[in-house]
2 protein chains.
Amino acid sequence: MTENQPKKPSKSDRTRAQILEAARLLFAEHGYDGASIRDVAAQASIDPAMVIRYFRSKDELFARAAVVDLQLPALRVIDRTAIGETLIRRFLEIWEGPASGPGMAILLRSATSNEFAAEKLRDVFGNQVRPVVAAVADPADAGRRAGLVSSQLLGLAMCRYLLRLPPVVALSHDEIIQCIGPTLQRYAVGEDVS
Amino acid sequence: MTENQPKKPSKSDRTRAQILEAARLLFAEHGYDGASIRDVAAQASIDPAMVIRYFRSKDELFARAAVVDLQLPALRVIDRTAIGETLIRRFLEIWEGPASGPGMAILLRSATSNEFAAEKLRDVFGNQVRPVVAAVADPADAGRRAGLVSSQLLGLAMCRYLLRLPPVVALSHDEIIQCIGPTLQRYAVGEDVS
DNA sequence: TCCATTTGTCAACGATCGTTGACTTTCTAA
DNA sequence: TTAGAAAGTCAACGATCGTTGACAAATGGA
């Protein structure tokens with residue numbers, strides 16, 4: 001036994017990983033409807049039947065592929081004077097950093113026409129974004145404030161990564177931080193946001 | 001001849017209008033892929049073949065349905081101290097007013113997985129939003145400023161009308177104007193937006 | 001009234017989709 | 001070495017899709 005994992009070093013769930021990686025790539029690029037199981041199989045150089053064998057259905061495959069962890073809890077101990085800049089910096093890491101996967105792209109790409117993706121995306125902002133805002137603002141306002149923050153971040157993602165609006169794509173990281181950061185700051189802790 | 005139109009008072013392009021209305025409703029609700037020609041035909045209480053007869057293909061039907069006129073040119077003569085509030089008020093009229101159709105919803109619903117819709121949406125913000133911003137700001141910055149404005153407006157539309165994020169849905173018109181207006185104001189003419 | 005154009009109906013086509021089951025190959029443990 | 005499980009291959013199913021063409025009904029001007 002070449003043990004390093006808990007129980008199974010297991011030979012070919014590398015196939016499983018290949019399928020999942022191919023699925024995440026294609027779902028992020030073309031959405032739930034636009035990426036067929038046959039496309040995923042071809043991308044993974046494998047038989048379409050194997051996709052169903054490893055994941056029971058396309059829905060289940062999508063559910064496995066659309067996993068998002070923004071890793072925001074670490075921001076709970078942040079000073080409220082820099083929450084806006086911190087949020088937008090984390091946003092750029094999530095979308096363009098090497099570590100984070102295409103989870104958010106997968107959700108956002110399909111959320112407009114797939115109710116499961118939409119619900120999952122609502123969960124992300126309800127369970128991951130909102131707690132962070134609640135930690136720096138009056139918890140009674142956290143809902144609205146997190147919603148405002150989400151509207152700006154989601155719109156930026158739409159314009160820059162999905163719609164690829166040229167002037168938004170052209171923005172440098174510093175420009176984004178300088179332009180969007182203050183907006184998020186105001187949404188999160190601004191006093192004029194009733 | 002009961003002439004009022006140029007040539008044809010024409011009896012049954014009311015059918016044509018019925019089909020188009022049904023298509024706009026379903027495209028706005030379920031997107032390009034989610035609304036089939038058979039669905040549109042059923043919604044219009046008509047045979048699926050008629051949809052193809054009146055519009056040559058589903059693509060052409062979508063192109064006819066996805067027509068958007070934000071009617072922003074009237075804003076060219078606006079004082080730059082209230083451009084933010086003016087924009088967000090117009091936004092609410094477009095999305096919730098009785099006159100405006102579901103054109104924007106149609107585009108936004110499909111733009112993430114349909115390249116034609118994406119290109120059309122880029123056109124809207126390039127040919128309709130950008131000129132307005134260019135009229136109140138340095139034309140050299142108009143591209144970036146219009147992009148920022150678009151990111152906020154598009155994100156708000158996503159959260160409120162498509163994703164239906166509860167805290168964003170719950171916002172009143174006055175709250176939206178109070179929260180989003182200053183953001184748009186800063187994006188459009190703010191001095192710290194390089 | 002009659003004929004031609006328009007308008008609508010119906011069934012089917014080819015393609016693609018998710019999914020299934022039978023089959024063969026490969027690997028592993030006794 | 002050999003039996004059995006695991007991994008992979010293949011063809012096909014039923015459903016849905018956009019689209020087409022043949023045909024019937026309705027309409028309207030001569």
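Chain A is the first sequence line, chain B the second, and so forth, proteins listed ahead of strands; every chain is numbered from 1. Values below: all heavy atoms of this structure, side chains included; hydrogens, waters and symmetry mates excluded.
The nearest whole Å value for the distance from the NZ atom in A/K58 to the C1' atom in D/dA15 is 14 Å. If you measure from atom CD1 of A/I52 to atom C1' of C/dT19, you get 6 Å, rounded to the nearest angstrom. We find that CZ of A/R38 is positioned 7 Å from C1' of C/dT16, with the value rounded to whole Å. Distance, B/D33 CG to D/dT16 P: 17 Å, rounded to whole Å. The interatomic distance linking B/M50 (CE) with D/dG18 (P) rounds to 17 Å, in whole Å. Rounded to an integer number of Å, the gap from CZ of A/R14 to P of C/dC27 is 13 Å. Distance, B/D47 CG to C/dT9 P: 6 Å, rounded to whole Å. Summarising the geometry, the separation between CD1 on A/I46 and P on D/dA6 is reported as 17 Å, rounded to the nearest angstrom.
At C/dT16, none of the side-chain N or O atoms of A/S36 fall inside 4.0 Å of OP1 or OP2 (strictly under the cut-off). An OP1 or OP2 oxygen of C/dG8 is reached within less than 4.0 angstrom by a side-chain nitrogen or oxygen of B/T15.
Residues A/L108 and B/T112 are not in side-chain contact: their nearest non-hydrogen atoms beyond the backbone lie 4.5 Å or more apart. Residues A/V136 and A/D79 are not in side-chain contact: their nearest non-hydrogen atoms beyond the backbone lie 4.5 Å or more apart.
Here the CG-NZ distance, from A/N114 to A/K120, works out to 11.0 Å after rounding to the nearest 0.5 Å.
Looking at A/T183 and B/Y187, their side chains do bring a donor and an acceptor atom within 3.5 Å of each other.
Nucleic acid contact class of B/F55 (heavy atoms, under 4.0 Å, all strands): none.
In this structure, A/Y32 and A/R53 both approach DNA chain C, and ranking their closest nucleotides by distance from the 5' end singles out A/Y32.
In this structure, the nucleotide among D/dT19, D/dA7, C/dT20 sitting nearest to the side chain of A/A49 is C/dT20.
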